[in-house]
S.K.: 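I have a structure I would like to understand better, so I am pasting it below and will then ask my questions one at a time.
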Amino acid sequence: MDSILVTGNGPLNGQIPIAGAKNACLTLMPATLLSEEPLTLTNAPRLSDIITMTALLRSLGAEVSSLQDGQVLAMSSHDLTSHTADYEIVRKMRASNLVLGPLLARFGEAVVSLPGGCAIGARPMDLHVEGLEALGAEIELKDGYLHAKAPGGLKGAVHEMRFASVGATENIVMAATLAKGTTVLKNAAREPEIVDLVGCLRKMGAQISGEGNSTIEIQGVDRLHGATHQVVTDRIELGTYMLAPAMCGGEVELLGGRMSLVESFAAKLDAAGVSVTETKKGLKVSRKNGRVSAVDVVTEPFPGFPTDLQAQMMALMCTAEGTSVLEERIFENRFMHAPELVRMGANIEVHGGTATVTGVDQLKGAPVMATDLRASVSLILAGLAAEGETTVSRVYHLDRGYEHVVRKLEGVGAKIERIKGQ
Ligand code: EPZ
């Protein structure tokens, strides 16, 4: 397994290009299953999760061509050979469950493995099942697989989700595009990735309104046609790299970044003493003065503070002036980066869903281990700001969500290299 060696090297200056959003692409790709005509995605990120989703769609019989070094995905699901998403693929990537709604809507049946737990939590699918059953699906759990049927097709319905689940919103909205009649989805998730999905579905002929708000209305149509859609900028990669100058000093411009994607995150950075300004090309970030100040964070569904930036924010708070309390309200076990940061000299106490970080003057480089996608990048950020060398192992987690991380950070002056595993 490869590792990444980072050496603290002072301020960072320059530009970092931000890629298309992993979590938008992972719901846009299954949307191809809704139509027999081709769907082409541009600005797709080059990530291992995209390769996994490609493998899943191909296992169903869809055609997926990766063009222009992976930035263009030309897909077609004219003739499918299977409606089963296998455990072997789903267990590697939970987002595989996003084929459930499209398969059900177009073919009236789907067999999708339950993803099983992952490092950050149990991650059940009850909210997906409840929503699809509201549309008339019959779903039963057998041998670890959800067996879903809608022999007479899905029917529009009014459904209120108990929690604003991103994935459940995506599955239900995609399914409702081909249901008979109108669906009103209440307490829907409001993430930009959902707004992007709806934009693509609308290009395919879907009739949807309200995306980005808590109530989304979908008028079912008989069929959807092909389209070409540009994947929205990745707000989590954007937020991650905004923290690089915040932690190391200097000034970095994040190309493609827009304030609208990271408003609550940017507000927190501003309160901590980090200036974020929108330029024609993106977002420019630098510290207002020396040390940043501690701020409290509570993760919430969008537009609240994103859970996917909690680990990275904790890394910033490790050397902030004062004490920061971070409350993780979305996942039940998303502080595994804390003990690794403590190995680097951080002062962090975790009690259940709350982490209390008391800022120290300086982190010290150390060998640390990545445990999940966002924890791994928070350790890279900590290593950039630490004194000495940090080796982050198990970087396959990183490859899931950050394309060319070494190249992008080297480009702004970081001392970082990838060490090939034995
Ligand atoms: C999406 O996961 C993202 N993944 C996650 O990003 C992100 O952390 C999460 O949304 C929250 O923003 C993709 O978009 C591919 P949820 P998802 O359904 O859809 C519980 C990353 O790092 N829940 O909104 O799985 C669940 O256990 C990844 O890029 C149920 O209880 O998230 C969790 O505690 C990590 N029942 C909470 O809701 C359900 O049926 C939020 O889950 C579904 C979810």
S.K.: Report the distance from atom CZ of R106 to atom OG1 of T177, rounding to the nearest 0.5 Å.
M.R.: 11.0 Å
S.K.: Whether the side chain of N187 engages the backbone of E160 through a donor-acceptor N/O pair (distance < 3.5 Å, no angle test) should be reported.
M.R.: no
S.K.: Verify whether one side chain among E327 and T354 offers a donor that lies under 3.5 Å from an acceptor in the other.
M.R.: no
S.K.: How far does CG of L135 sit from CG of L104, to the nearest 0.5 angstrom?
M.R.: 8.5 Å
S.K.: If you look at every heavy atom in Y402 and I236, which pair is closest and at what distance?
M.R.: OH-CG2, 4.1 Å
S.K.: If you count heavy atoms of other groups shown closer than 6.0 angstrom to NZ of K281, is the number above 12?
M.R.: no
S.K.: Answer yes or no: is there a donor N or O on one side and an acceptor on the other, between the side chain of R287 and the main chain of M247, under 3.5 Å?
M.R.: yes
S.K.: Quick check on side-chain hydrogen bond (donor to acceptor under 3.5 Å, both in side chains): which of R329, R334, E300 does T307 satisfy it with?
M.R.: R334
S.K.: Measure across T84 and L60 and return the closest heavy-atom pair with its distance rounded to 0.1 Å.
M.R.: O-CD2, 3.3 Å
S.K.: Given the rule in the side-chain contact (heavy atoms from CB on, under 4.5 Å) test, do V111 and H83 qualify, once you have shown the distances and angles that lead to the verdict?
M.R.: CA-CA 6 Å; V111 178; H83 301 151; 5.9 Å; no
S.K.: Within the distance-only criterion (no hydrogens, no angle test), does the side chain of N9 pair as donor or acceptor with the backbone N or O of A414 below 3.5 angstrom?
M.R.: no
S.K.: Any chance the rings of F265 and F305 have centres within less than 6.0 Å?
M.R.: yes
S.K.: Classify the side-chain pair Q312/T240 by whether it contains a donor and acceptor separated by less than 3.5 Å.
M.R.: yes
S.K.: Taking atom types as modelled and ignoring hydrogens, do the side chains of N171 and H128 form a donor-acceptor contact shorter than 3.5 angstrom?
M.R.: yes
S.K.: Testing the basics here: between S214 and R190, what is the closest heavy-atom pair and its distance to 0.1 Å?
M.R.: OG-CD, 3.6 Å
S.K.: Any carboxylate oxygen within less than 4.0 angstrom of a Lys/Arg side-chain nitrogen, looking at D2 and R394?
M.R.: no
S.K.: Give every residue pair that meets the side-chain hydrogen bond (donor to acceptor under 3.5 Å, both in side chains) criterion with at least one member in residues 50-76, sequence neighbours excluded.
M.R.: R46-D69
S.K.: Would you say NZ of K415 has more than 12 non-hydrogen atoms from neighbouring residues, nucleotides or ligands within 6.0 angstrom?
M.R.: no
S.K.: What closest approach, in Å, do L34 and P102 show between heavy atoms, and which atom pair accounts for it?
M.R.: CD2-CA, 3.6 Å
S.K.: Between D196 and H229, is any side-chain donor less than 3.5 angstrom from a side-chain acceptor?
M.R.: yes
S.K.: Using modelled atom types only, decide if a donor and an acceptor are shared between the side chain of S113 and the backbone of Y145 within a distance under 3.5 Å.
M.R.: no
S.K.: Looking at every non-hydrogen atom in both residues, tell me the closest pair between L363 and A346 and how far apart they are.
M.R.: CD2-N, 3.7 Å
S.K.: Checking side-chain polar atoms at under 3.5 Å, does H78 have a donor or acceptor matched by the opposite partner on E37?
M.R.: no
S.K.: So does D222 have more than 12 non-hydrogen atoms from other groups sitting under 6.0 Å from CG?
M.R.: no
S.K.: Do the non-hydrogen side-chain atoms of V198 and R202 ever get within less than 4.5 Å of each other?
M.R.: yes
